[in-house]
Each structure stands twice: as C-alpha cells, then as structure tokens.
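Have a look at the structure below, then the notes.
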Amino acid sequence: MSGSSCDAAGLAEVRPRGTNPNSLADKIDGRRYDDAKMHMREAQALAEMSGDQAIKFRIWSHAGAMYRHMGRPADAFAANDVARNLHITRRDPMFASLGLARQAAIHGAAQDRTGTRRTFDQAQEAMQRANSDDYRPVWLLAFYDQAELHSLALSAHLALGDYPTAEFHAHRCLAALRPHMRRSRAITMTRLAHAQLAQDDLETATTTAMNVPADAATQHARVSRMLQEFGAALRAKAPKSDAAQAWTEHTRDAWRAAA
C-alpha cells in the first residue's frame, strides 16, 4: 500500500510526442516497473535539456515516488534529494513542502518513525509559509494541497503500522479532497479501510471499503489490488464474520455489475 494518491497528470512538459501523459502513473499503479523506469529515464533526460527547475523537480520527485512504490527506500531518498536540493525549493516553500512530504512517506517506507514525524511537520510548516498568490505550474496546483499532504502522511503511517495515526490522516485527507478527485478519494477510502481493519474494527472497515465506488474498485489497478488485499486480510482475521460475508456478497454483486 505504498505511495500516495499523488498527481499523475501533467507530464506533457517533458513527454515525447505521442505518449500518454498518464502512462507513468498507469505503469506504477500496474507495477510495470521496468516500463516505468524506462519512461522515467527518458523524462529525466528531457528535463535536464529543458533547464527548467520546476520540470526537474517534478521528474526527480516522481522518480523518488516510483522507487518508494518499488520498496527501494535508499534509491527513493537519493532521487527525492535531487529534487529537494534544487534552487526552486529555496525560492518557493510549496515546492519545499512537496519534497518534504514525499520524504516523510519514504521515511515511513524505511520504518523510520522519528524521521516521518519530523519531516511531515516540516512539510506542514513550509506549506503554511507559501504565498498562495505566487505563480506555480498547473501540474503542481492540480494536486498538491493539504489533502495530498495528509495522503502522504497516511501512506507513511500505514507503512509504519501506526494505524490510529493513519486513520486520523485519512479522515483529514477525505475532508480536504477536491470534489473532482475521485481516484484519490477511492485510494484514500481503501487505505482507511485497511487502517480500520488493522485496529479490529471489522464492521466499520467493511462499510468503508464497500463505499469505494464500484468503477474505481474494478477499473483502477491500485484500488483493485488494495481492495483484494483488504478482502484477504478480512477473511484471514474473521472468516466466518458477518463483515466477511457482507464483503463477499458486495464484491460478487456490485463489482460484477460494474465490470
């Protein structure tokens, strides 16, 4: 369940002609990591040629997220550090905040509780210092806000096994998400269900998971995989429970209708 509901759009600045701007996120979500790494290397070369600090930040920050998804925190730290050391992070606290938020998620993947808490607090402080009137590229404005910061914290605390804190950030994220961000909402709800199940709140967790829209549950690779993992964990924890029976019926009926 690594990663966040992070932005997948807007690679148009650096993508080669004719490629899908969402293909990198699709490859990561589908765990097609060899394809994702090839895409990333091409994007990194184009970013260097462009000389644009915002594009360089975006690509190296994405590389860090990709390695975090792959379970390679050392590589994730190295790539994210390239992004965080760019001049743009000193000029604009919003870029600094995003770099720190993703660093916190990597600390979570690396099982570093102190680093996660410290870096998340730094990311929050940097976001509060940012001037909302400053110019920023559309891709950043499209996804990075308080909801995404809580989403990254949710991911980190799930990885740490700190389920009450993960649940706290999930609720904060859901409250702050913009209405059109349906995929992000589905990912967050699924992670919330995992956090609730890990605290033995079977009924609430199952209700949360059942409220994930059926189209997201069946059509988005990451959401589908996490919900399948939820079902397996629920059956392992309480195979004869009413919650397990309700989940089995839900996946049989609602998912079949949406497929």
Side-chain angles (χ1 to χ4, degrees), residues 1-9 22 25-32 65 68-69 105 108 142-239 241-259:
M1 290 178 291
S2 62
S4 82
S5 52
C6 68
D7 154 60
N22 294 322
D26 291 341
K27 289 167 185 172
I28 293 174
D29 278 358
R31 294 185 172 178
R32 292 154 47 210
R68 174 163 47 86
H69 278 272
F143 88 101
Y144 189 59
D145 55 12
Q146 190 66 58
E148 177 65 10
L149 183 54
H150 282 297
S151 176
L152 287 161
L154 162 61
S155 174
H157 287 285
L158 271 181
L160 289 168
D162 183 353
Y163 301 115
T165 305
E167 181 173 5
F168 168 82
H169 286 292
H171 286 298
R172 288 295 185 92
C173 177
L174 290 169
L177 272 172
R178 286 170 267 183
H180 69 277
M181 301 184 79
R182 298 182 68 250
R183 174 180 174 275
S184 296
R185 186 171 297 276
I187 290 172
T188 302
M189 290 175 66
T190 304
R191 289 192 173 127
L192 172 59
H194 275 275
Q196 292 167 333
L197 181 62
Q199 297 175 80
D200 293 327
D201 194 351
L202 273 62
E203 299 296 335
T204 302
T206 303
T207 298
T208 299
M210 290 170 64
N211 282 330
V212 175
D215 59 344
T218 56
Q219 296 172 24
H220 289 296
R222 198 192 315 182
V223 177
S224 297
R225 183 175 63 251
M226 289 193 299
L227 285 172
Q228 289 167 3
E229 292 168 351
F230 171 84
L234 175 61
R235 287 188 291 272
K237 187 180 288 284
S241 65
D242 291 342
Q245 180 62 30
W247 179 247
T248 298
E249 293 174 358
H250 173 76
T251 56
R252 182 189 62 212
D253 299 336
W255 288 13
R256 184 181 298 169

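Sequence positions, counted from 1, serve as the residue numbers for this chain.
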Arg182/Asp215 under side-chain contact (heavy atoms from CB on, under 4.5 Å): CA gap, chis, key distance, verdict:
CA-CA 10 Å; Arg182 298 182 68 250; Asp215 59 344; 3.4 Å; yes
Given the rule in the side-chain contact (heavy atoms from CB on, under 4.5 Å) test, do Asp242 and Glu203 qualify, once you have shown the distances and angles that lead to the verdict?
CA-CA 8 Å; Asp242 291 342; Glu203 299 296 335; 4.2 Å; yes
Full working for side-chain contact (heavy atoms from CB on, under 4.5 Å) between Asp200 and Lys237:
CA-CA 8 Å; Asp200 293 327; Lys237 187 180 288 284; 2.9 Å; yes
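Annotation for Ser155 and Arg68: closest pair OG-NH1, 4.0 Å, computed over non-hydrogen atoms. Closest heavy-atom contact between Met189 and Thr208: O-CG2, 3.3 Å. Looking at every heavy atom in both residues, Ala238 comes nearest to Leu202 through CB-CD2, 3.3 Å. Scanning all heavy atoms of the two residues, the minimum distance from Ala209 to Phe230 falls at CB-CE2, 3.7 Å.
Residues meeting the side chain to side chain donor-acceptor pair (under 3.5 Å) test with Gln245, sequence neighbours left out: Glu249. Applying the side chain to side chain donor-acceptor pair (under 3.5 Å) rule to His169 yields the partners His150; only residues at least two apart in sequence or on another chain are considered. Residues satisfying the side chain to side chain donor-acceptor pair (under 3.5 Å) criterion with Thr251, sequence neighbours excluded, are absent altogether. Scanning for salt bridge (Lys or Arg N to Asp or Glu O under 4.0 Å) contacts around Arg235 gives an empty result, with sequence neighbours left out. Take Ala244 and apply the side chain to side chain contact (heavy atoms under 4.5 Å, CB included) test, not counting sequence neighbours, and it matches Leu234, Ser241. Not counting sequence neighbours, the partners of Asp145 by the salt bridge (Lys or Arg N to Asp or Glu O under 4.0 Å) test are Arg178.
Inter-residue side-chain proximity for Leu227 and Trp247 is flagged as met; some heavy-atom pair is nearer than 4.5 Å. You'll find the side chain of Leu177 stays beyond 4.5 Å of the side chain of Glu148, heavy atoms only. A heavy-atom distance below 4.5 Å is not found between the side chains of Leu154 and Phe168. Contact check for Arg172 versus Leu149: no side-chain heavy atoms found under the 4.5 Å cut-off.
Atom SG of Cys173 sits about 8.5 Å away from atom CE of Met181, to the nearest 0.5 Å. Within the model, atoms CZ of Arg191 and CZ of Arg222 stand 5.5 Å from one another, a figure rounded to the nearest 0.5 Å. Taking NE2 of His157 as the start and OH of Tyr163 as the end, the distance is 13.0 Å to the nearest 0.5 Å. Taken to the nearest 0.5 Å, the CD atom of Glu167 stands 4.5 Å off from the CD atom of Gln196. Expressed to the nearest 0.5 Å, how far CG of Leu192 lies from CD1 of Ile187 amounts to 13.5 Å.
With Ser224 contributing its side chain and Ala217 its backbone, the two residues share a donor-acceptor pair below 3.5 Å. Of the possible polar contacts, none joining the Ser151 side chain to the Ala147 backbone as a donor-acceptor pair under 3.5 Å is found.
Around atom CG of Asn211, more than 12 heavy atoms belonging to other residues, nucleotides or ligands sit under 6.0 Å away.
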